Amino acid sequence: QVQLVESGGGSVQAGGSLRLSCAASGVTRSRYYMGWFRQAPGKEREGVAAVQLYESETTTYYVDSVRGRFAISRDNAKNTLYLQMNSLKPEDSAMYYCAYEPRPPASPLSADGYNNWGQGTQVTVSS
């Protein structure tokens, strides 16, 4: 059974940094598709960053609005996914969710491709 538990959210001022963590259990280590998504009130869930490991190759994906500011990584030994967020902006405020899929999603940054989700962690960026 897959379990994903996010942590690391909080309130910061614009320009600040946060690192989100997603502790995963019941997931594969040799091949995986994982991502960070966010959802602000009244908006659809948006893919922020994703990472896939397939045949020993790791590929990362970012939505344009966070490219160069956010970095996704995974510590296989700890089975933990991270999202380092730098230069945060008020528009980054949202509930952030971790997602996992053992099979390749049609689109790594589309929420429709994932069936396993964490409970979310809130990020609030003030101006």
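All values derive from a computational prediction rather than experimental measurement.
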Using a 3.5 Å distance criterion without hydrogens, assess whether the side chain of [X] forms a donor-acceptor pair with backbone atoms of [Y].
{"X": "Glu101", "Y": "Asn115", "answer": "yes"}
{"X": "Arg31", "Y": "Leu53", "answer": "no"}
{"X": "Thr121", "Y": "Gly9", "answer": "yes"}
{"X": "Gln119", "Y": "Val5", "answer": "no"}
{"X": "Ser93", "Y": "Pro90", "answer": "yes"}
{"X": "Asp75", "Y": "Lys78", "answer": "yes"}

Calculate, to the nearest 0.5 Å, the distance between atoms [atom1] and [atom2] belonging to [X] and [Y] respectively.
{"X": "Asn116", "Y": "Gln1", "atom1": "CG", "atom2": "CD", "result": "9.5 Å"}
{"X": "Glu6", "Y": "Cys22", "atom1": "CD", "atom2": "SG", "result": "5.0 Å"}
{"X": "Met34", "Y": "Leu83", "atom1": "CE", "atom2": "CG", "result": "12.0 Å"}
{"X": "Leu4", "Y": "Ser25", "atom1": "CG", "atom2": "OG", "result": "7.5 Å"}
{"X": "Ser73", "Y": "Leu81", "atom1": "OG", "atom2": "CG", "result": "7.0 Å"}
{"X": "Tyr100", "Y": "Trp117", "atom1": "OH", "atom2": "CH2", "result": "14.5 Å"}

For residues Leu18 and Tyr97: do they belong to one hydrophobic cluster (side chain heavy atoms under 4.5 Å, members Ile, Leu, Val, Met, Phe, Trp, Tyr)?
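Leu18 and Tyr97: separate clusters.
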Within one Ile-Leu-Val-Met-Phe-Trp-Tyr cluster: Val125 and Met95, side-chain cutoff 4.5 Å:
no
Taking all non-hydrogen atoms of both residues, which atom of [X] and which atom of [Y] are closest, and how far apart?
{"X": "Tyr62", "Y": "Ala71", "result": "OH-CA, 3.3 Å"}
{"X": "Val48", "Y": "Leu109", "result": "C-CD2, 4.0 Å"}
{"X": "Ser107", "Y": "Tyr114", "result": "O-CE1, 4.4 Å"}
{"X": "Pro108", "Y": "Gln52", "result": "CG-OE1, 4.4 Å"}
{"X": "Phe37", "Y": "Ser110", "result": "CE2-C, 3.7 Å"}

So do the side chains of Thr80 and Tyr82 get within less than 4.5 Å of each other, counting heavy atoms only?
yes
Determine whether Leu20 and Met85 make a side-chain contact, defined as any pair of heavy atoms from C-beta on separated by less than 4.5 Å.
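Sidechains of Met85 and Leu20: in contact.
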In terms of the angle between their ring planes, are Phe70 and Tyr96 parallel, tilted or perpendicular, with boundaries placed at 30° and 60°?
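Phe70 and Tyr96: tilted rings.
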Side chain to side chain contact (heavy atoms under 4.5 Å, CB included) assessment of Glu46 paired with Val63
CA-CA 9 Å; Glu46 172 191 36; Val63 69; 4.0 Å; yes
For Val51 and Thr58, run side chain to side chain contact (heavy atoms under 4.5 Å, CB included): C-alpha distance rounded to whole Å, both residues' side-chain angles, the deciding distance at 0.1 Å, then the answer.
CA-CA 7 Å; Val51 59; Thr58 301; 3.5 Å; yes
Using side-chain hydrogen bond (donor to acceptor under 3.5 Å, both in side chains) as the criterion, list what pairs up with Asp92, not counting sequence neighbours.
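side-chain hydrogen bond (donor to acceptor under 3.5 Å, both in side chains) list for Asp92, sorted by chain: Arg38, Arg69.
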Cut-off 3.5 Å, side chains only: do Asn86 and Ser17 have a donor facing an acceptor?
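Their side chains do contain a donor-acceptor pair, which is all the 3.5 Å distance test asks for.
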Examine Arg103 relative to Tyr33 and say whether NZ or CZ is less than 6.0 Å from the centre of the six-membered ring and inside a 45° cone about the ring axis.
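Geometry flag: not set, cation outside 6.0 Å or 45°.
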For Tyr32, is the NZ or CZ atom of Arg74 found under 6.0 angstrom from the centre of its six-membered ring and inside 45 degrees of the ring axis?
yes
Please indicate whether Glu57 has more than 12 foreign heavy atoms, meaning atoms of other residues, nucleotides or ligands, lying under 6.0 Å from its CD.
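No - once you tally the heavy atoms of other residues, nucleotides and ligands closer than 6.0 Å, there are 12 at most.
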